[in-house]
Amino acid sequence: MSKPAVMRRMQEIAHVDVNCFYASAERVFNPALEGRPLVVLSNNDGCAVTRSPEAKKLGVPMGEPWFKLRPRAKEWGLVALSSNYELYGDISARVMELLGRYSAWLEVYSIDEAFLGVKGEPDELLALGRTIKAACRRHVGVPVCVGIAPTKTLAKLCNKWAKNNPAFDGVCRWESVPVDQREALMAKLSVIEIWGVATRLTKRLNAMGIFSILDLTRANPVAIRDKFSIVMMRTVLELQGTPCIPMEEERIGRDQLIFSRSFSTPITTTAGLRQVMSVYAQMASARLAKHDLQAKVLTAFAATSHFNPNEKSFPSVCVALPMPTADPLLLTRAAHALLPQVHEGVKYVRAGIMVTDLRPTGNQKPLELFENPHEERGIGMLLEEISKRYGRGAIGLGHAGIKGGPDWTMKRDMLSPRYTTHWDELPLVKAA
Amino acid sequence: MGVIVGPRVIDAGLSLVKVLLAPVAVAAGYPSPAQDYFDGRIDLNEHLIKDVTSTFIVRVTGQSMEQAGISDGDELIVNRGLEPKDGSVVVAVLDGELTIKRLRITAHGVILQADNPDFPDIKVPALSDLTIWGVATRCLHYV
């Protein structure tokens with residue numbers, strides 16, 4: 001008996017994301033954390049931003065402040081860790097490199113998720129999903145789930161099913177699920193669960209009789225566009241199987257870099273914020289230089305705590321740079337444009353800068369008149385080199401160089417070792 | 001609301017004396033006979049690490065692998081992507097800890113062997129009962 005001659009080669013989209021990414025990254029090097037309730041805390045050990053399934057089972061809500069969890073942690077056996085950004089960044093890069101082996105068409109969507117364009121017969125696609133899942137577990141050590149579908153929105157939905165329904169065993173392909181089963185699953189999920197629908201729109205959708213994802217799938221896309229927006233119409237069309245959200249191939253060269261932190265103790269002086277701005281600007285400069293990028297726009301901001309309604313202050317400034325640049329002096333000066341808006345004595349708990357409108361260095365040489373002497377001399381790279389050898393804070397331009405200023409570094413009291421990026425903090429293996 | 005910053009910022013107290021540098025080495029006298037043969041220095045990463053994505057470096061504590069040339073304090077290059085075989089030196093997960101042993105796959109089961117007679121072997125019924133974290137490929141030993 002020969003197979004039918006028609007081969008159904010499909011072009012589909014796989015959505016891969018790491019389960020409880022921060023917690024899983026920690027478990028790679030500390031297997032004792034496997035099976036234990038674990039939370040990873042946000043900047044300054046503020047709130048739980050990642051919860052292991054065991055922590056979820058305990059009823060720890062997303063975003064719960066650590067000071068509320070701490071008193072019961074012992075009784076629960078709950079482990080809390082500070083965010084280990086060095087570790088998560090490296091593990092993320094490894095996962096993305098690995099995914100790149102399965103498709104030349106990779107869009108890194110966030111630190112822990114990516115879309116891949118995939119091709120093959122239906123059975124091959126499902127098998128590819130399983131291969132990707134096994135490879136991430138084996139090569140990098142993290143568990144992932146995979147959703148495969150004709151559109152990005154459906155691929156994300158399938159991934160959610162793969163995560164929440166043990167029957168799928170971590171891999172779900174839209175077309176491989178019988179229609180009635182798909183509809184039953186979609187009827188169970190509220191519209192808010194779908195990618196691209198904002199919380200604030202659910203009430204208006206509900207008013208139209210659209211409650212579940214199945215209701216939204218059955219809606220008229222044109223009517224949805226008229227009542228909402230083209231964005232919502234795309235979501236409906238994608239749910240119906242028409243691809244509308246194209247793959248973006250190079251998100252890594254994304255159009256922005258953000259440096260934003262909360263402070264361990266609030267900053268109340270202009271001088272303190274000037275130092276913070278200087279340091280961020282120089283970090284941005286080094287990062288831009290490393291990726292051969294220049295920025296056209298810099299945004300600087302600071303903010304008081306949302307829990308402090310008495311002294312609300314959210315200064316922000318957007319500076320158009322005179323030319324695309326990665327020069328630390330220009331960026332520092334631009335970031336300092338925030339300072340006139342800062343109120344002396346007010347408690348600022350957060351600040352940051354963002355550089356946007358990035359472009360590759362040297363595509364177009366500026367006129368000599370506008371050439372920047374500091375850039376030519378590579379001061380940004382030099383500062384970075386020195387910091388690498390002698391540590392952050394060893395050198396800095398102007399105000400960033402002052403030591404013993406306000407304590408604005410992050411509090412990370414429960415930080416695990418930076419296993420993969422620092423020689424002194426390598427994981428230990430026992431020979432006993 | 002954009003604030004325009006001037007095109008030149010020269011307020012850091014630096015004097016701006018331009019020193020012109022030649023973009024390439026300037027030959028002075030006899031050209032080096034070696035220059036045509038230079039195609040880069042030896043890169044240890046290239047030789048020691050076959051797959052950067054699945055390779056990790058770990059540090060050893062303890063003496064149980066001394067006969068294998070692995071001493072306390074040495075660093076190991078571990079590839080998670082390699083298939084563990086009989087005789088491989090592996091990092092295994094034992095009681096929630098990463099442990100370095102030699103893997104023996106025999107007809108009677110799997111043994112995690114210490115390469116030092118002072119340390120006991122550990123018997124495991126089957127390979128599937130064991131979590132192998134990675135396979136060690138090189139030892140960086142201080143001499």
Side-chain angles (χ1 to χ4, degrees), chain A residues 28-36 90 93-98 100-101 135 137-141 297-298 316-323 327-334 336-338 340 366 369-374 376-377 379 397-398 419-420 423-432, chain B residues 1-14 16-19 51-66 68 70-72 74-76 78-83 89-101 114-116 119-120 131-134 136:
Chain A
V28 171
F29 300 96
N30 189 353
L33 296 173
E34 210 72 53
R36 295 192 62 172
D90 180 63
R94 286 171 189 258
V95 170
M96 298 309 166
E97 272 164 22
L98 191 61
R101 295 180 193 178
R137 184 55 145 170
R138 176 152 165 209
H139 288 254
V140 188
V297 177
L298 181 144
S316 139
V317 64
C318 183
V319 182
L321 297 161
M323 70 192 102
D327 183 331
L329 292 188
L330 280 184
L331 295 178
T332 303
R333 167 171 261 219
H336 285 178
L338 179 74
L369 177 66
F370 298 106
E371 243 176 50
N372 196 303
H374 309 301
E376 247 170 54
R377 301 197 304 185
I379 287 182
L397 281 171
Y419 299 106
T420 60
W423 191 252
D424 298 335
E425 301 178 23
L426 292 176
L428 297 178
V429 299
K430 232 165 95 180
Chain B
M1 186 187 60
V3 177
I4 306 297
V5 180
R8 282 181 158 238
V9 185
I10 315 172
D11 62 352
L14 300 167
L16 294 168
V17 180
K18 278 205 175 185
V19 180
D51 183 349
V52 289
T53 301
S54 57
T55 299
F56 295 85
I57 304 190
V58 301
R59 185 167 289 126
V60 176
T61 62
Q63 279 89 33
S64 78
M65 293 301 284
E66 275 187 345
I70 300 169
S71 305
D72 187 47
D74 286 355
E75 286 87 18
L76 294 175
V78 178
N79 188 344
R80 293 185 55 108
L82 293 178
E83 195 74 52
V89 173
V90 298
V91 175
V93 178
L94 284 181
D95 303 325
E97 281 185 308
L98 300 177
T99 307
I100 180 100
K101 294 277 183 199
D115 271 20
N116 181 337
F119 290 83
T131 305
I132 300 286
W133 194 88

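Proteins get letters first, then strands, A, B, ... in listed order; numbering begins at 1 in each.
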*In plain terms, say whether A/Lys430 and B/Asp95 are close enough for a salt bridge, that is, a side-chain N and a carboxylate O under 4.0 Å apart.*
no

*Determine the minimum heavy-atom distance between B/Leu98 and A/Pro31, stating which atoms define it.*
CD2-CG, 3.6 Å

*So what's closer than 4.5 Å to chain B heavy atoms on A/Val95: side chain, backbone, both or neither?*
neither

*Give, as side chain, backbone, both or neither, the part of A/Arg137 having an atom under 4.5 angstrom from any heavy atom of chain B.*
backbone

_Among A/Ala32, A/Ala93, A/Gly35, residue most engaged with chain B (heavy-atom pairs, under 4.5 Å)_ = A/Ala32

_On a heavy-atom basis, which atom in A/Val140 and which in B/Arg80 lie closest, and how many Å separate them?_
C-NE, 3.9 Å

*Identified salt bridge (Lys or Arg N to Asp or Glu O under 4.0 Å) partner of B/Asp51 from the options A/Arg94, A/Arg101, A/Arg138*: A/Arg101

*Under the 3.5 angstrom rule, does the side chain of B/Arg59 hit a backbone N or O of A/Glu425 as a donor-acceptor pair?*
no

*Below 4.5 Å, heavy atoms only, C-beta onward: do A/Leu426 and B/Val58 meet side chain to side chain?*
no

*asked:* Show the nearest heavy-atom pair for residues A/Ala431 and B/Ser64, with the distance to one decimal.
replied: C-OG, 3.0 Å

_Can you tell me which of B/Val93, B/Thr55, B/Ile57 forms the most heavy-atom pairs within a distance under 4.5 Å of chain A?_
B/Ile57

*What part of B/Ile70 lies closer than 4.5 angstrom to a heavy atom of chain A: side chain, backbone, both or neither?*
neither

*Grab the two heavy atoms, one from B/Lys101 and one from A/Ala432, that are nearest each other, plus how far apart they are.*
NZ-O, 2.7 Å

*Heavy-atom closest pair, residues A/Glu97 and B/Val52*: OE1-CG2, 4.0 Å

_Does any backbone or side-chain atom of B/Glu75 lie under 4.5 Å from a heavy atom of chain A? Answer side chain, backbone, both or neither._
side chain

